[in-house]
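Questions regarding the structure given below will be posed in turn.
Atom set for the values below is all heavy atoms of this structure, side chains included, hydrogens, waters and symmetry mates excluded. Sequence positions, counted from 1, serve as the residue numbers for this chain.
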Amino acid sequence: NIKYIYLRTIDRTLCDYSKLFFYRFKYVFIKNIDKIFIGNYESNFFKLIIKQFSKENIILLDDGAKTLSIQSKFTNTKKYNLFTMYDIKALKNQKIYINSYRQVLSKIKNLSINQEEILFLGTKLSEAEIIEEEYYIKLIQNICNYYSDKKIVYIVHRGESQKKLELIQKNENILIKQLDYPIELYGLYENKMPFKVSSFYSTALLTMNKIYNLEAECFKFNYSNSIHVSVIDEVYSFYQKEMKVINLDD
């Protein structure tokens, strides 16, 4: 008996805020809830909700690489249980539930592997102002040179600008592909798979490796001017244990 609470993350309306306060007070009086699953720990909405429940009833869901950063800030006295694909060491009395992807794996059958294609996962690094767009384009050109003998299938991130994608498309060995389903279902929809997946830091590098047993490669770049240096450092430090990390500025 699962109940969903959905709020839009942008263009909030009066209806959204009314819903927020409705649930805020509704759950004060409900005592028979076994588990609260939260997708965004930093959401103000969920901060209101979780105050009404014991920490033992709350399970945080994977939130991309941010999960690693959140866990690093937890202590033995301030923490929540996690449902995650990451191999995270549990704190005292913390429960880590590992996502085995068994539902997806049960549906994958007889995939053909294309040894001439590489799946590259696009990111919104420039749109998020972590790096300049010009630098991002330069990085993609360097990656094209690195994979000069392969065809790169560039999977568009939903936050990428059309202008940037048009510049990327000028590279002859890149095919831009926009998906209307999660990248983790690529094999199910396409019934084929490139032999390798690569990107900058992206959680999907790990999920694609776990689900499809794809070789994963991660490209490191210069992010020293970003306000997120410590978080990105933490992610790359973790990725170095899981896959090949290539520094594009070396």
Subject >> Exam field: side chain Asn99 to backbone Thr84, donor-acceptor pair closer than 3.5 Å >> reply: no
Subject >> Residues that, via side-chain heavy atoms closer than 4.5 angstrom, fall in one hydrophobic cluster with Val231 >> reply: none
Original post:
Quick check, are the ring centers of Phe120 and Phe200 under 6.0 angstrom apart?
Top reply: yes
Original post:
Does some side-chain heavy atom of Leu111 sit less than 4.5 Å from a side-chain heavy atom of Lys192?
Top reply: no
Original post:
Between Val235 and Phe238, is any pair of side-chain heavy atoms under 4.5 Å apart?
Top reply: no
Subject >> From CA spacing to verdict: side-chain contact (heavy atoms from CB on, under 4.5 Å), Ser202, His157 >> reply: CA-CA 11 Å; Ser202 169; His157 187 285; over 6 Å; no
Original post:
Any side-chain heavy atom of Tyr239 sitting closer than 4.5 Å to one from Lys220?
Top reply: no
Original post:
Do the side chains of Phe74 and Leu60 get nearer than 4.5 Å, heavy atoms only?
Top reply: yes
Subject >> Verdict with reasoning, Leu214 to Met193, per side-chain contact (heavy atoms from CB on, under 4.5 Å) >> reply: CA-CA 9 Å; Leu214 284 185; Met193 186 63 64; 3.5 Å; yes
**OP:** Quick one: pull up CD1 in Ile211 and CE in Met85 and give me the separation to the nearest 0.5 Å.
**Re:** 8.5 Å
Original post:
Within the side chain of Asp62, is there an N or O that forms a donor-acceptor pair under 3.5 Å with the backbone of Gly64?
Top reply: no
**OP:** Could you give me the CA-CA distance, side-chain angles and deciding distance for Tyr80 and Tyr41, then say whether ring-ring contact (aromatic ring centres under 6.0 Å, His included) is met?
**Re:** CA-CA 10 Å; Tyr80 291 97; Tyr41 170 68; 5.7 Å; yes
Original post:
Thr75: what forms a side chain to side chain contact (heavy atoms under 4.5 Å, CB included) with it, not counting sequence neighbours?
Top reply: Thr77, Lys78
**OP:** Check for a donor-acceptor pair, side chain of Thr207 on one end and backbone N or O of Ala204 on the other, with a separation under 3.5 Å.
**Re:** yes
Subject >> Nearest atoms (heavy-atom pairs only) where Val156 meets Gln178 >> reply: CG1-NE2, 3.8 Å
Subject >> Taking every non-hydrogen atom, the tightest pair across Asp63 and Gly39 >> reply: CG-O, 3.6 Å
Subject >> Gln115 CD: over 12 foreign heavy atoms closer than 6.0 Å >> reply: yes
Original post:
If every non-hydrogen atom of Leu205 is compared with every non-hydrogen atom of Ala216, which pair is closest and at what distance?
Top reply: O-CB, 3.9 Å
Original post:
Would Phe221 and Tyr223 count as a close aromatic pair, with their ring centres under 6.0 Å?
Top reply: yes
Original post:
Hey, do the aromatic rings of Phe219 and Tyr201 have their centres closer than 6.0 Å?
Top reply: no
Original post:
How close do Ser226 and Ile232 get, heavy atom to heavy atom, and via which atoms?
Top reply: OG-CD1, 4.3 Å
Original post:
Would you find more than 12 non-hydrogen atoms of other residues, nucleotides or ligands less than 6.0 Å from Glu134 atom CD?
Top reply: no
Subject >> Enclosure of Lys150 NZ (heavy-atom neighbours >12, cutoff 6.0 Å) >> reply: yes
Subject >> Leu82 side chain near Ile59 side chain, heavy-atom distance below 4.5 Å >> reply: no
Original post:
Could you walk me through whether Glu215 and Val197 pass the side-chain contact (heavy atoms from CB on, under 4.5 Å) check?
Top reply: CA-CA 6 Å; Glu215 180 185 350; Val197 61; over 6 Å; no
Original post:
Checking side chain to side chain donor-acceptor pair (under 3.5 Å) for the pair Glu190/Tyr181: CA distance, chi angles, key distance, verdict?
Top reply: CA-CA 11 Å; Glu190 305 295 328; Tyr181 54 83; 2.7 Å; yes
**OP:** Measure from the side-chain N and O atoms of Tyr212 to the backbone N and O of Glu184, and report whether any donor-acceptor pair falls under 3.5 Å.
**Re:** yes
**OP:** Would you indicate whether Lys35, at its atom NZ, is surrounded by more than 12 heavy atoms from other residues, nucleotides or ligands within a distance under 6.0 Å?
**Re:** yes
**OP:** Before giving the answer on salt bridge (Lys or Arg N to Asp or Glu O under 4.0 Å), spell out for Lys163 and Glu133 the whole-Å C-alpha distance, their side-chain angles and the decisive distance to 0.1 Å.
**Re:** CA-CA 10 Å; Lys163 175 194 165 190; Glu133 183 181 279; 3.5 Å; yes
Subject >> Which residues share a side chain to side chain donor-acceptor pair (under 3.5 Å) with Tyr146, sequence neighbours left out >> reply: Lys244
Subject >> N/O donor-acceptor pair under 3.5 Å between Asn76 side chain and Lys92 backbone >> reply: yes
Original post:
Less than 4.5 Å apart, any side-chain heavy atom of Asn81 and any of Ile58?
Top reply: no
**OP:** Say whether, by atom type as modelled, one donor and one acceptor occur between the side chain of Ser69 and the main chain of Lys66 under 3.5 angstrom.
**Re:** no
Original post:
Below 4.5 Å, heavy atoms only, C-beta onward: do Tyr154 and Lys177 meet side chain to side chain?
Top reply: no
**OP:** State the CD1-CD1 distance between Ile140 and Ile152, to the nearest 0.5 angstrom.
**Re:** 8.0 Å
**OP:** Applying salt bridge (charged side-chain N to carboxylate O under 4.0 Å, His left out), name anything that partners Lys164, two or more places apart in sequence or on another chain.
**Re:** Glu127, Glu160
**OP:** Could I get the full list of salt bridge (charged side-chain N to carboxylate O under 4.0 Å, His left out) partners for Glu129, not counting sequence neighbours?
**Re:** none
Original post:
Of Lys79, Lys55, Gln71, Lys89, which meets side-chain hydrogen bond (donor to acceptor under 3.5 Å, both in side chains) against Gln94?
Top reply: Gln71
Subject >> Exercise: identify the closest heavy-atom pair between Asn222 and Ile131 >> reply: O-CG2, 3.9 Å
Original post:
What pair of heavy atoms forms the shortest contact from Val245 to Gln240, and how long is it?
Top reply: CG2-CG, 3.6 Å
**OP:** Take atom NZ of Lys151 as the centre, draw a 6.0 Å sphere, and report whether it contains more than 12 heavy atoms from other residues, nucleotides or ligands.
**Re:** yes
Original post:
Is the CG atom of Asp87 crowded by more than 12 outside heavy atoms at less than 6.0 Å?
Top reply: no
**OP:** Under the side chain to side chain donor-acceptor pair (under 3.5 Å) rule, collect the residues that match up with Glu242, sequence neighbours excluded.
**Re:** none
Original post:
Is the number of heavy atoms from other residues, nucleotides or ligands under 6.0 Å of Tyr189 OH greater than 12?
Top reply: no
**OP:** Walk me through it: do Glu132 and Ser126 pass the test side chain to side chain donor-acceptor pair (under 3.5 Å)?
**Re:** CA-CA 5 Å; Glu132 296 290 333; Ser126 56; over 6 Å; no
Original post:
What's the spacing between Met208 CE and Leu119 CG if we round to 0.5 Å?
Top reply: 5.5 Å
Original post:
Would a hydrophobic clustering, with Ile, Leu, Val, Met, Phe, Trp and Tyr connected at side-chain separations under 4.5 Å, put Leu185 with Ile113?
Top reply: yes
Original post:
What's the verdict on side-chain contact (heavy atoms from CB on, under 4.5 Å) for Phe83 and Ile98, showing C-alpha distance, side-chain angles and the deciding distance?
Top reply: CA-CA 6 Å; Phe83 177 78; Ile98 298 297; over 6 Å; no
Original post:
How many angstroms lie between atom CD1 of Ile176 and atom CD of Gln162, to the nearest 0.5 angstrom?
Top reply: 9.0 Å
Original post:
Less than 4.5 Å apart, any side-chain heavy atom of Tyr186 and any of Ile155?
Top reply: yes
Subject >> Gap separating the CG atom of Leu165 from the CD1 atom of Ile174, nearest 0.5 angstrom >> reply: 10.0 Å
**OP:** Apply the test side chain to side chain donor-acceptor pair (under 3.5 Å) to residues Tyr147 and Glu217: give CA-CA distance (whole Å), side-chain angles for both, the deciding distance (0.1 Å), then the verdict.
**Re:** CA-CA 12 Å; Tyr147 295 130; Glu217 289 184 339; 2.5 Å; yes
